[in-house]
Amino acid sequence: MLLIADILENKERILQGLHKRGLDSPEEVIEKVLNLDTQRKETKTNLDRTLAESNGISKQIGQLMRQGEHEKAEAIKKKTAELRTSGKELQHQLSDIESTLKTLLYQIPNVPHQRVPEGSRAEDNAVLEECERLPVLSDSKKPHWDLIKDYDIIDFDLGNKVTGAGFPVYKGKGARLQRALINFFLDEAIKAGYAEIQPPIVINEASGYGTGQLPDKEGQMYHVQNEDFYLIPTAEVPITNLYREVILSEADLPVKHVGYTPCFRREAGSWGAHVRGLNRLHQFDKVEIVQIALPSRSYEVLEEMLQHVVGLLKKLDLPYRILNLCGGDLGFTAALTYDLEVYSAAQEQWLEVSSVSNFETYQANRLKLRYKSEGKKTTLLHTLNGSALALPRIMAAILENNQKEGGIKIPEVLWEYAGFKEI
RNA sequence: AGAGGAGUGGCGGAGUGGUCGAACGCGGCGGUCUUGAAAACCGUUGUACCGCGAGGUACCGGGGGUUCGAAUCCCUCCUCCUCUGCCA
């Protein structure tokens, strides 16, 4: 959520940023916000004045009562009736204005960072780094949706039976490889100084608003109706919300957490031929890294997180490229996002396996996540997160890129974790 | 899930209709004393909003209500504790 004070101060810069996202007329909504804010202030001033007067009279009444002057007290009481009705009226006006203002602010995405490239389509994303020699497989190469059947390690039909499409069942070495990857990712993050968290995988509404999944992506989350909970689409949500309404001290920073969770996404309307097999699922596993950083350091932290993810891909020996997402492709709440994609030699396409983002104060403002600086001022922090990593496409790439006649070699770093070297 | 009890500032803990943003203790910060530290003593110590400022307003788990006035009374939801039930 954008800060009104920031909109007032940097209106032009913010409008430019919103144009970069391809918004039609951000001027309109920004003007509405500023007008409402003016109304809010006026109403608040009036309300406070009314309440102050009414409080004063109440105090007088109290004094008179104590002195036993009941008639005088009764006489003054009558004066308050009017204040009371106008106070109620103003109170209602104020909460109406505030909720309209909030609804409006919820509709405005984060302002892209200066380094975010112009553009609206995937082709406009800037490739910052790309593996030079892409692997080429023999003509007998198979996509992972065939390989998993050949080796009987992931079963979509069983998932269909038990749940439905997009909920695969991992079997035998498939399950063990999953577990190996999760443990490998967790251990690597812990080595890099991240403290492990095992959060709940269902969250309440407040948490959904805190990190920005609500109200923007309401339809993308599974909703537990009888409890009004949501299944998490990513561990980012529960882990970041650990710090909702928290004031940290400077010494606590940066906060670094890692968590493994299953993730649930309805992916309404996003199915097609290009998302076969493991490429898109309703339930998948992911290890997520989250940091809370000082505003002055958050872009350093972003680079550090990016390099952590790059390190994982290198250790897994997967060909990757790094994208700087363009304005049109940037997520609603992010200021800058690096996507990491892995090349699948069998599908002959790039698969997104990680998104590393800086949200600056956008989430922190919703979360009321602040720190107390030396000068005793409370200031919003910056939140960041990244997948390190999402499992299914990593799994797909490992299976596809390492396939050979009669077996699939798994990366050496996983041998110990998996307990086998080949499928 | 049922019955009973409880939720107050960083923590502990008073307060059951007005003088309460809230006693007191601990902790934190500043100071006195000390070569330094400890102890002792003195002072200070929440957040947000409105206002140029003086100052004002709101917040005692959340929301709503009664009242001139609510931490205090009523309703409702949430959370925790105890007992019973059920269960990995």
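Each chain gets a letter, A, B and so on, in the order its sequence line appears, and its residues count up from 1.
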Going by purine N1 to pyrimidine N3 plus the second Watson-Crick contact, or the G-U wobble pair, all under 3.5 Å, which nucleotide sits opposite [N]?
N: B:rG85; result: none
N: B:rC41; result: B:rG31
N: B:rG18; result: B:rC68
N: B:rC52; result: none
N: B:rG9; result: none
N: B:rC60; result: none

Mind checking if [X] touches a base, just sugar-phosphate, or nothing, with heavy atoms under 4.0 Å?
X: A:R84; value: base
X: A:T80; value: sugar-phosphate
X: A:I57; value: nothing
X: A:K41; value: sugar-phosphate

On the nucleotide [N], are OP1 or OP2 found under 4.0 Å from the side-chain N or O atoms that [X] carries?
X: A:R49; N: B:rG56; answer: no
X: A:K372; N: B:rU47; answer: yes
X: A:T45; N: B:rG56; answer: no
X: A:N55; N: B:rC68; answer: no
X: A:R370; N: B:rU47; answer: no

In whole Å, what is the span from the [atom1] atom of [X] to the [atom2] atom of [N]?
X: A:L64; N: B:rU19; atom1: CG; atom2: P; value: 15 Å
X: A:E205; N: B:rG63; atom1: CD; atom2: C1'; value: 14 Å
X: A:E245; N: B:rA48; atom1: CD; atom2: C1'; value: 12 Å
X: A:L83; N: B:rG56; atom1: CG; atom2: P; value: 17 Å
X: A:R244; N: B:rA48; atom1: CZ; atom2: C1'; value: 17 Å
X: A:K59; N: B:rG21; atom1: NZ; atom2: P; value: 6 Å
X: A:M1; N: B:rA48; atom1: CE; atom2: C1'; value: 13 Å
X: A:E42; N: B:rG51; atom1: CD; atom2: P; value: 9 Å

Taking the [atom1] atom of each, how far is [N] from [M], in whole Å?
N: B:rG4; M: B:rG12; atom1: C1'; result: 25 Å
N: B:rG46; M: B:rU8; atom1: C1'; result: 13 Å
N: B:rC41; M: B:rC33; atom1: C1'; result: 9 Å
N: B:rG7; M: B:rG13; atom1: C1'; result: 13 Å
N: B:rC68; M: B:rU82; atom1: P; result: 43 Å
N: B:rU84; M: B:rA70; atom1: P; result: 42 Å
N: B:rG9; M: B:rU72; atom1: P; result: 15 Å
N: B:rU16; M: B:rG69; atom1: C1'; result: 16 Å

Would the distance check show the side chain of [X] and the main-chain N or O of [Y] forming a donor-acceptor pair, the cut-off being under 3.5 Å?
X: A:N125; Y: A:C326; value: yes
X: A:D339; Y: A:E352; value: no
X: A:Y151; Y: A:G407; value: yes

task = May I ask you to say whether A:D146 pairs ionically with A:K149, meaning some side-chain N is under 4.0 Å from a carboxylate O?
result = no
query = Is the shortest side-chain N to carboxylate O distance from A:K44 to A:D48 below 4.0 Å?
reply = yes
ask   = Quick one: OH on A:Y194 to CD1 on A:I239, what's the gap to the nearest 0.5 Å?
value = 11.5 Å
inquiry  = Tell me whether the NZ or CZ atom of A:K217 lies within the 45° cone about the ring axis of A:F332 and under 6.0 Å from its centre.
reply    = no
Of the options [options], whose atoms approach the side-chain atoms of [X] most closely?
X: A:R40; options: B:rC50, B:rG18, B:rU47; value: B:rC50
X: A:K44; options: B:rG69, B:rU57, B:rU47; value: B:rU57
X: A:L51; options: B:rG18, B:rA48, B:rA58; value: B:rA58

request  = Would you check if the distance from the ring center of A:H223 to the ring center of A:Y230 is below 6.0 Å?
outcome  = yes
ask   = Between A:I247 and A:D37, which is nearer to the 5' end of RNA chain B once each is assigned its nearest nucleotide?
value = A:I247
ask   = Which residue, A:H92 or A:I61, contacts RNA chain B at a nucleotide closer to its 5' end, judged by nearest heavy atom?
value = A:H92
